[in-house]
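Taking it in order: structure first as structure tokens, then the write-up.
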Amino acid sequence: MVKKIVLATLAAMISVPVMAATCEVDIEGNDAMQFNTKEIVVDKSCKEFTINLKHTGEMPKASMGHNVVVSKKADEQGIAIDGATAGLDNSYVKPDDERVIAFTEVIGGGESTSTTFDVSKLQAGEDYAFFCSFPGHWAVMTGELKLAE
């Protein structure tokens, strides 16, 4: 009897599917300059991670555009300030800015975009941010990006 219970338990354990890491996240930005989340968690087992951005508002990108930029938290303000002078054609990100881990294009109401980056660019224990670099948005449209331990 004990042998049957042990065998049944082992069979049940073997047949349980292994939960795969979720290596992407969907976030939304709106016309009130808000993301629908303040935190993104990246599983360290992911080789790449994708951020999908949907602009749920109605305003065009020239007046209320949004993007997502990923960087170290310490670099957020500098990237945003430099990005303001880079202009809309550069999605308000200075070309070849080495502080930027990833970024999406700027989109307007009803549009969607995404960016995928190599998770090896993130280091355990470092503070990371995601934010919108559209001028004036980064101070409010910001959140924490964490590498799960």
Side-chain angles (χ1 to χ4, degrees), residues 9 11-149:
T9 302
M13 289 171 57
I14 292 170
S15 66
V16 173
V18 175
M19 297 301 287
T22 301
C23 298
E24 71 177 313
V25 66
D26 297 329
I27 65 173
E28 298 175 352
N30 61 32
D31 286 343
M33 292 190 339
Q34 299 169 330
F35 283 131
N36 67 335
T37 187
K38 290 290 184 187
E39 181 181 83
I40 295 174
V41 178
V42 178
D43 192 292
K44 69 179 181 181
S45 69
C46 296
K47 296 220 183 286
E48 292 184 327
F49 192 82
T50 300
I51 300 174
N52 301 306
L53 172 64
K54 180 177 182 182
H55 191 317
T56 59
E58 298 177 3
M59 297 178 73
K61 68 181 177 181
S63 58
M64 187 55 71
H66 299 313
N67 67 349
V68 174
V69 179
V70 176
S71 72
K72 290 180 179 178
K73 180 67 177 168
D75 293 331
E76 179 180 11
Q77 182 175 358
I79 292 169
I81 290 169
D82 291 345
T85 60
L88 180 58
D89 289 343
N90 291 306
S91 292
Y92 296 108
V93 175
K94 182 175 92 175
D96 303 317
D97 191 331
E98 293 181 6
R99 300 168 295 180
V100 174
I101 295 169
F103 72 98
T104 67
E105 66 182 316
V106 171
I107 57 173
E111 297 180 319
S112 297
T113 188
S114 65
T115 185
T116 300
F117 62 92
D118 186 342
V119 174
S120 70
K121 293 181 177 182
L122 303 178
Q123 297 176 358
E126 182 68 60
D127 292 328
Y128 295 98
F130 69 94
F131 60 96
C132 175
S133 66
F134 191 96
H137 292 196
W138 70 271
V140 221
M141 294 186 76
T142 186
E144 184 178 9
L145 186 132
K146 294 180 180 180
L147 181 62
E149 303 266 341

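Across every non-hydrogen atom of A148 and V41, the tightest pair is CB-CG1, 3.8 Å. When every heavy atom of T142 is checked against every heavy atom of F35, the shortest pair comes out as N-CD1, 4.2 Å. Counting all heavy atoms, side chain and backbone alike, T50 lies closest to S114 at CG2-CB, 4.1 Å. Between K73 and A129 the shortest heavy-atom distance is CD-CB, 3.7 Å. Closest approach of D82 and T85 over heavy atoms only: O-OG1, 2.8 Å.
Side-chain contact between F103 and S133 is absent, with no heavy-atom pair separated by less than 4.5 Å. Using a 4.5 Å cut-off on side-chain heavy atoms (C-beta onward), I40 and F49 make contact. Looking at heavy atoms from C-beta onward, N52 lies in side-chain contact with E24 at the 4.5 angstrom threshold. By the 4.5 Å heavy-atom criterion applied to side chains, F130 and I27 are counted as neighbours. The shortest side-chain heavy-atom distance between L147 and Q123 does not fall under the 4.5 Å cut-off. Proximity of V70 to K121: side-chain heavy atoms (C-beta onward) are nowhere separated by under 4.5 Å. Looking at F117 and L122, their side chains come closer than 4.5 Å, going by heavy atoms from C-beta outward.
One distance of note links CG of L53 with OG of S112; it measures 7.5 Å at 0.5 Å rounding. Here the straight-line distance linking atom CD of Q34 with atom CE of M141 works out to 8.0 Å at 0.5 Å rounding. Rounded to the nearest 0.5 angstrom, E144 CD and T37 OG1 are separated by 10.5 Å. Atom-to-atom distance recorded for M64:CE and C132:SG is 9.0 Å, nearest 0.5 angstrom. If you take CD on E28 and NE2 on H66, they are separated by 11.0 Å, rounding to the nearest 0.5 Å. Separation of atoms CG (N67) and CG (N90) is listed at 11.5 Å; rounding is to 0.5 Å.
By the neighbour-count criterion of 12 heavy atoms within 6.0 Å, atom NZ of K38 is densely surrounded, having more than that number from other residues, nucleotides or ligands.
Checked by atom type and distance alone, the side chain of D75 never pairs as donor or acceptor with a backbone atom of S71 at under 3.5 Å. Formation of a donor-acceptor pair under 3.5 Å by the T104 side chain with backbone atoms of T115 is not found in this model. Side-chain N or O atoms of N30 include none that pairs as donor or acceptor with a backbone N or O of T56 at under 3.5 Å.
Ring-plane geometry between Y92 and F134 is classed as perpendicular, the angle between the planes exceeding 60 degrees on a 0 to 90 degree scale with a lower cut at 30.
Under the 3.5 Å distance criterion, with hydrogens and angles disregarded, a donor-acceptor pair is assigned to the side chains of E105 and T113. The closest side-chain donor-acceptor pair between D43 and T22, if any, does not fall under 3.5 angstrom.
In this structure K146 satisfies the salt bridge (Lys or Arg N to Asp or Glu O under 4.0 Å) test together with E39, sequence neighbours excluded.
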